Amino acid sequence: MPLSQYRREFSTFLDVLVAVLAYALAVQWHVGGFAGGANLWYVEMAPTIVATWWILSLLIRQDLPYRLGGTWRELRETALLHIVGAVLLLALNLATKHDAVSRLVLVGFPVLAALASTAIRIGMRSWLGWRRRGGHDVHHVLLAGPATPVQRLAASLLHRDAGLVPLGVLLPPGDADAGGMSLPMLGEYDRLADVLHDRVVDQVAFAMPLDDGALRPLVETCLREGKPVWLATDAFGARLLGNRPDQLLVLSAARDSVSLRLKRLIDIGIASAALLVAAPLLAACALAVQLDDPAGPVIFRQSRVGLHGRTFTVYKFRSMATDAEHRRAALQDHNEMSGPVFKIRNDPRITRVGRFLRRYSLDELPQLWNVLRGDMSLVGPRPSLPDEVRQYEPEFRRRLACRPGLTCLWQVSGRNTVDFRTWMELDLQYVDNWSLGLDLQILMRTIPAVFNGSGM
């Protein structure tokens with residue numbers, strides 16, 4: 001899920017953080033801070049504020065992961081949270097007859113917190129909207145099953161999270177109830193593999209019972225392609241632990257969502273720091289490319305295939321002559337790689353500066369921007385060209401189940417000395433056994449490989 005797995009926890013954390021900061025500012029403004037014997041009462045109030053706002057946020061936003069309800073609903077909940085919090089604190093103050101704590105502070109800081117929280121949430125929604133218009137933070141769900149339960153599942157997904165987008169529907173052969181479908185009908189069950197290859201599909205959701213004979217081969221196709229599989233719990237034909245229409249049973253092996261979020265935070269932190277620290281080096285590389293071959297651009301842009309088949313623009317320092325693509329056909333017989341990949345160790349199209357940049361992987365430094373954008377990760381299978389992906393054997397498409405990266409097992413295992421099948425098998429090994437520990441091992445092995453220029 002793009003948001004529903006952690007939106008409630010993040011909202012609660014944000015509510016408490018904003019309330020505590022607003023309280024600290026109000027105390028600082030009113031009495032000059034928390035120092036001094038009399039002002040220690042304000043310090044003792046802090047745990048009460050944290051507990052109050054934490055509990056209220058959990059109660060007021062308890063169904064937020066399942067129905068977001070738009071901006072106005074969220075802002076109404078924000079206002080209600082801070083109003084109720086202020087009333088409870090005032091009531092506690094009056095009940096204890098505690099005059100050491102200013103009631104102006106107890107009323108003023110929730111107002112400040114409400115204004116700050118409202119501004120933050122409007123800003124976050126605007127930012128998320130901008131990201132989604134660019135294709136980020138949107139998960140495309142392919143639905144399969146009879147028309148009626150599929151329609152019900154699609155409606156619950158749309159109600160559940162704005163980041164979940166029903167892509168279309170695959171129906172049973174000869175489904176007679178398909179006339180009222182509001183979603184695009186992509187064909188019957190036998191078109192599943194074609195749809196997975198032709199479109200960006202993040203998950204496949206089945207609205208069909210377990211005893212449906214078509215379910216097993218469909219699920220096996222999804223697993224082979226590396227697609228997470230969901231099954232609507234109400235498709236069992238009986239209530240399961242009080243199941244709801246929008247609850248989904250994960251049939252495929254799900255990755256640890258907490259670890260994946262931590263991986264993304266690590267990507268953002270390291271990429272941001274690296275771009276700042278390496279700014280002089282980036283400028284030097286750009287100048288060297290420009291002086292070596294002024295006829296072409298400094299940055300080379302190319303379309304690559306990323307997570308679940310998404311295409312994105314990858315950025316590199318240009319290391320080849322400007323007519324490199326036109327000269328490729330003449331060099332095809334010299335290709336040293338098997339499979340749908342073209343590589344020549346002593347490629348005559350590479351410029352003098354480009355050869356140095358490639359030896360030490362300096363040409364790939366601009367891809368830190370791709371990592372920051374979310375197109376890539378620090379560690380993951382290298383992004384392939386669309387033409388290469390179209391020639392993949394079905395077993396190799398599972399490597400698209402992982403966000404592409406700057407380095408992976410292939411990079412630290414010889415790179416150009418590894419044949420295509422071994423390369424794919426190394427990527428699949430990474431996808432199937434991914435962990436933060438494995439990422440750390442690959443990063444540690446990448447550093448000496450880059451400095452030694454061995455096979456890089």
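We're numbering straight along the sequence, starting at 1. A quick note: this is a predicted structure, and the numbers were derived from the prediction, not measured.
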Closest approach of [X] and [Y], non-hydrogen atoms and distance?
X	Y	answer
Leu385	Arg304	CD2-NE, 3.5 Å
His139	Asp202	CA-OD2, 3.2 Å
Pro146	Leu171	C-CD2, 4.3 Å
Leu307	Cys402	CD1-C, 3.7 Å
Thr78	Ala114	CG2-O, 4.3 Å
Gly405	Pro383	O-CD, 3.9 Å

**Asked** Within a reach of under 6.0 Å around CZ of Arg191, are more than 12 heavy atoms found that belong to other residues, nucleotides or ligands?
**Response**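 More than 12 heavy atoms, drawn from other residues, nucleotides or ligands, come within 6.0 Å of this atom.
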Measuring from atom [atom1] of [X] to atom [atom2] of [Y], what distance do you get when rounded to the nearest 0.5 angstrom?
X	Y	atom1	atom2	answer
Phe317	Ile299	CZ	CD1	5.0 Å
Arg264	Leu378	CZ	CG	9.0 Å
Leu143	Met208	CG	CE	12.0 Å
Cys285	Leu362	SG	CG	4.5 Å
Asp267	Leu368	CG	CG	10.0 Å
Cys222	Phe206	SG	CZ	4.0 Å

Check: [Y] and [X] side chains under 4.5 Å, non-hydrogen atoms:
X	Y	answer
Trp410	Pro381	no
His82	Trp53	yes
Glu395	Glu225	no
Met376	Gln367	yes
Pro348	Leu331	yes
Leu357	Glu364	no
Val50	Val20	yes
Leu142	Leu192	yes

Using a 3.5 Å distance criterion without hydrogens, assess whether the side chain of [X] forms a donor-acceptor pair with backbone atoms of [Y].
X	Y	answer
Thr446	Ile442	yes
Asn433	Gln429	yes
Asp363	Lys316	no
Tyr430	Val379	yes
Lys263	Leu436	no

**Item:** salt bridge (Lys or Arg N to Asp or Glu O under 4.0 Å) assessment of Asp432 paired with Arg398
**Value:** CA-CA 9 Å; Asp432 294 338; Arg398 197 166 75 257; 2.7 Å; yes
Can you find a side-chain donor-acceptor pair between [X] and [Y] that sits under 3.5 Å?
X	Y	result
His308	Gln203	no
Asp419	Trp423	no
Arg403	Ser377	no
Asp439	Trp434	yes
Thr148	Arg152	no

Taking 4.0 angstrom as the limit, do [X] and [Y] come out as a salt bridge?
X	Y	answer
Arg318	Asp293	yes
Asp375	Arg310	no
Arg224	Glu220	no
Glu77	Arg121	no

**Prompt:** Taking only residues two or more places apart in sequence or in another chain, which ones pass side-chain contact (heavy atoms from CB on, under 4.5 Å) with Ser384?
**Reply:**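 Scan of Ser384 (side-chain contact (heavy atoms from CB on, under 4.5 Å), adjacent residues dropped) gives Glu388, Val389, Tyr392, Arg399.
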